Amino acid sequence: MAPRLREASTLRAAPAQLDLPRQEQEMLQLWDDNGVEASSLRLGAEAARGRGTAPAFVFFDGPPFATGLPHYGHILPGTIKDIVPRYQSMRGFAVERRFGWDCHGLPIESLVEDELGIHGKAEIEAHGIAAFNAACRAGVLRYTEQWRKTVRRLGRWVDFDNDYKTMDPGFMQSVWWVFHRLWADGLVYEGHRVQPVSPVLGTPLSNFEVAQGPQERDPITRKDGHKRRQDPSLTVRFALEDEDASLWAWTTTPWTLPSNLALAVHPELDYVKVRVVETGEVAYLEPGRLADYQQRGKLGEVELLATLKGTALVGRPYAPLFPYFAELREKAGKRLAFRVVAATYVSTDAGTGIVHQAPAFGEDDYEVGRAEGLPLVNPVSLQGVFDARVVDFAGQHVKDADKGIMQLLRARGRVVDQDVIVHPYPHCYRTEEPLLYMALSTWFVKVEQLRPRLVANNEKIHWVPEHVGTGRFGNWLGGARDWNVARNRYWGTPIPIWRCDQDPTDVVCIGSIAELEQLAGLAVGSITDLHRETVDDVTFASAKTPGGVMRRVPEVFDCWFESGSMPYAQNEYPINEAKREYVENNLPCDFIAEGLDQTRGWFYTLHVLATALFDRPAFKHVIVNGLVLAEDGKKMSKRLKNYPDPLVVVDEYGADALRAYLISSAAVRAEPMRFSEKGVRDTVRTVILPLYNAYNFLVTYARADGWSPTAEDLHSRPGGALDRWILSRVVAFVDELGHEFDGYALSNVVPAFTRICDDLNNWYIRRGRRRYWRSRAEGDGDKQAAYATLYRVLVTVTKAMAPVIPFVTEWLYQRLVIDTGLGATETSVHLSRWPQLDPTLRDVALEHDVEAVRRAVNLGLAVREREKIAVRRPLALVTIASPDAQVRRAVLEFSEEILGELNIKRIEVAEDDSALCSVTVKANFKVLGKRLGARMKAVAEAIAGLDPAAVASLQRTGSLAMGDDTITLDEVLISREVLGGRAALAGEGMTVVLDTELTPELRREGLARELVNRVQNLRKDAGFDVSQRISILYETAGEVLEMLRDPAMLELVRGEVLAQDIVFSSTTLDMDAEEIDGIEVRLKITPYVG
RNA sequence: GGGCGUGUAGCUCAGUUGGUUAGAGCGCUGCCCUGAUAAGGCAGAGGUCGGGUGUUCAAAUCCCCCCACGCCCA
């Protein structure tokens, strides 16, 4: 097949100046102008509505909080969330990609509180829930335009127009449906949880809010903690009722003592009964703690009366410190409170080893109380004020009451020791006042009961990396606790539970708007929103309690409950009948991707709800990414400004480079990565430019030759070894890439790409260069094969990489395929199909051959380096010796490449290298160790000491008797070392020897090549086009002058540098002075004007 | 305090079921090549494999302890 030459090429000229960010902007414009993104997204949306023909690949996008700006923590998962759907689209699937917004919750409420200048329950309610929520609604989407801009600029295709918002009534109604289903299945109950309360705000705080509070680094342990504060350190005696002795207990919160209901001991620990010599008091406590009190001078001499295990104390009754709850002492004739209980959390780090229990005021206390059947006594309001039951301190703030409580106890002789302690303690993030922990009523989902199903369903999920699923997530599921889904907040989906004002046990759960309208006697369609300001006022008559009015409980949902409901709620399931089937058919979804921090967040809530509702996992494949840290290894911080703005980075280096950089990092394997701008810059050089350069080469010569690609060029089967080799490599590359994409192993993609670029640029093009320069002979089939193969390789690699680097691949595709009219019907690489190559193009043996050849070349170049012989200087002969027949064949097949790379005239191959090398033999530990075990050491020494004759025999016959053993050839490793005094090197499977003898002819040619080099440098400096013909004026002397008088050499120089004439001149002044082997050469080159 | 992960060259990371002299890319230094490249090639320097024990003929790899860092939980 002859190339069609001398016509104008259909390939557009490459731009003089490469400007990747500008090209990306042009591609964005192109996608907009041609509706490319929209068309890809439309396919997915159609599949979601049950229309369209392509099968659906279902992707769920986790909703970010709409109150922050996008940063690298979003860009990394965003890139992953773009690559996979792009790949699946090219594979022929329709991928719906709806962006989601997490609109509810504390972040926006906090912002609005700041903006309105109001804080806490009382102020918000005074302001009005309707007004407060209106402010949240108005403010929550403030950054959506910036998100859209950033996401678009990064090349992520996602549907913003058809987005979902957790504050949409349809979404919220589905959340109600989800909760109602759980309710109907008996998975919801009302219970208590000990929560931190900010008394000034009068509200419980979330963990998130607690973490916003003051954080100090402990000067000694260097651990981050809460703010340090001074608290009382009080040791109190509790009088036993069955013995004239007391139990000593320690507390830093005297205000919890009025609510004391029990004392806890560790059942396994030893306790002592002692008599204090000074006072005669008999007391129980843990001996190590006793010693501590003595050491600190708090206690004098004691007399040991007995030693006993904690279990021996369990059940013993003591007198209540205060009378307030004394009636709880017994219930139905059985001791209920004021007794010793066992608890394994009791430690000997501080206190007495006997721990005061107030079940309402501590997590551990609460659990112990629950296990022991103790009642829950909480005489403290959310404002931190004692109620009437604590008669002596009623109306006082608990922290203020501490002093009075201590005075009272001291007056009654109950205080063993009073001191102060400085310790870290959580404080309110707004008021900086200490938080109080107290048990509050809330609503729970019974997750503990679901554990076995959660674990079983997790086994169906493909986690990347695997250990997150088996380790972190799996462990978390195995120990999952019941989920507190209620929050005492305002801007959220209200919990749809209505309770009777007469009978608190009379409750109903509402599952839809229609149901509520019907119960409340409202017109169908009259409720158009579900936020608190709308539904809090909806009441109806109790069905059970005559005269009772049903009112909604005040709480809203944890916003994680909403995001976990996203698979159903984004499609308004099950109310929206049009999408019902789609939702049901596509559970679990195919793919999600988020950060490691979502293990307890979105991953978990999706999984819990999918298991509870459908007993299925929520997703099939998940990629978990790690945290993106700043270059200094610290968290990225706006305040520290320790990272560059993403949009600035993109404007400087392009989104492709940023994407390729992120996707190649450890962060796609859930490990933390350090972001560095330099890393992005290097990615331009090592990833983007190699592909562009290969393209640039093709275009340069195709245009010079007037070559244009045809559709056949994408299917031809070239005969030449070099062409067959690169096609084989491309087949391998596409296979590898497809395998990585299919396995969601994105971190391997870019390394595979750089390998194929290396093969293409540094071997295929480099070795094939001259095929493109030859004269424009008609009927030059090899030239056509060269163009066609290079073209095909570029198109294939471009398509294969399109999901990862969508801009430069589109730019190339437009030039390679669309411009040349070969684009079939699609207008974008992203609407084309993933490359599918004929697998018979793969030739593994050929790939091995080229590896051996490249090894031989490297050895040859290393010899030249060592011998200090420049590659420019031709040599006469290279000998490659190898016992491997395959290597020898490969060397002969590619002798032209070897000779060209090494600049040598002739090649010889040899089988026997024994004259060149000494052979050393070593045991192959891996093979032999398995067989010999402990005898390994001795045999290895014997093998190392074998004489050359024995080694030769082993090589010849394949085995050798050694004492009692017989070793075989594959049980040893033979290495070669070139004998001294030769220009040779031995490598894996071969020895390369150079003949360094220089004949006068070789010497002359070397000088000619030097001259060519000087002229080429001048051409480049002058900026001449590669096909520009030139005239040369020169002045020189000696050997160089002699060389130029040799017609053959003159011709060589002329041909290499495209010189029309080479003329000696001693007159021109503005010549460049060069030097070759100490001889001055003065040169002037000018464009040839024919 | 618990769970999970990480610790290997100046930097970013590979390192299979334990097995020869621990590798790659980038960076650095030197040399070289260039009729595409914002390039490329060859070589060199640079490692107590976080520390310590143990198991083994043999440990970066397996056990135990410790240290540091990260995330989540408490």
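First the proteins, then the strands, lettered A, B, ... as listed; each starts at 1. Keep in mind that this is a model prediction, so the values were computed, not measured.
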Chemist: Is B:G1 paired to anything, Watson-Crick or G-U wobble with both distances less than 3.5 Å, and if yes, which nucleotide?
Modeler: B:C73
Chemist: For A:W811, is the NZ or CZ atom of A:R815 found under 6.0 angstrom from the centre of its six-membered ring and inside 45 degrees of the ring axis?
Modeler: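 Judged by the rule, A:R815 and A:W811 form a cation-pi pair.
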Chemist: Picking from B:U12, B:G5, B:C26, which would you name as closest to the side chain of A:E671?
Modeler: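 Out of B:U12, B:G5, B:C26, the nucleotide with an atom closest to A:E671's side chain is B:G5.
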Chemist: Is A:R669 close enough to B:A14 that one of its side-chain N or O atoms is under 4.0 Å from OP1 or OP2 there?
Modeler: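 Yes, within the criterion.
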Chemist: At under 4.0 Å, does any side-chain N or O of A:Y772 touch on OP1 or OP2 of B:G35?
Modeler: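 No, outside the criterion.
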Chemist: Can you tell me the Watson-Crick or wobble partner of B:C11, both distances under 3.5 angstrom?
Modeler: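 Checking every strand shown, B:C11 finds its partner in B:G25, with both distances under 3.5 Å.
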Chemist: Would you say B:A39 has OP1 or OP2 under 4.0 Å from some side-chain N or O of A:R685?
Modeler: yes
Chemist: So if I take every side-chain heavy atom of A:H467 and compare against B:C26, B:C4, B:G70, which nucleotide ends up nearest?
Modeler: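 Among B:C26, B:C4, B:G70, the one nearest the side chain of A:H467 is B:C4.
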Chemist: Answer yes or no: is there a side-chain heavy-atom contact under 4.5 Å between A:V857 and A:F894?
Modeler: no
Chemist: Are OP1 or OP2 of B:C33 and a side-chain N or O of A:N903 less than 4.0 angstrom apart?
Modeler: no
Chemist: Base, sugar-phosphate, or nothing: which does A:L629 touch, judged by heavy atoms less than 4.0 Å apart?
Modeler: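 A:L629: no heavy atom of the nucleic acid under 4.0 Å.
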Chemist: Closer than 4.0 Å, any side-chain N/O of A:R481 to the OP1 or OP2 of B:A74?
Modeler: no
Chemist: Starting the side chain at C-beta, find the nucleotide from B:A36, B:G41, B:C33 nearest to A:D758.
Modeler: B:G41
Chemist: Between A:R472 and B:G5, is there a contact of a side-chain N or O with OP1 or OP2 at under 4.0 Å?
Modeler: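 No, because none of the side-chain N or O atoms of A:R472 sits under 4.0 Å from OP1 or OP2 of B:G5.
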Chemist: Considering only B:G5, B:G70, B:G41, which nucleotide approaches the side chain of A:L627 most closely?
Modeler: B:G70
Chemist: Closest to the A:V1012 side chain: B:G70, B:G35, B:A39?
Modeler: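 Output: B:G35.
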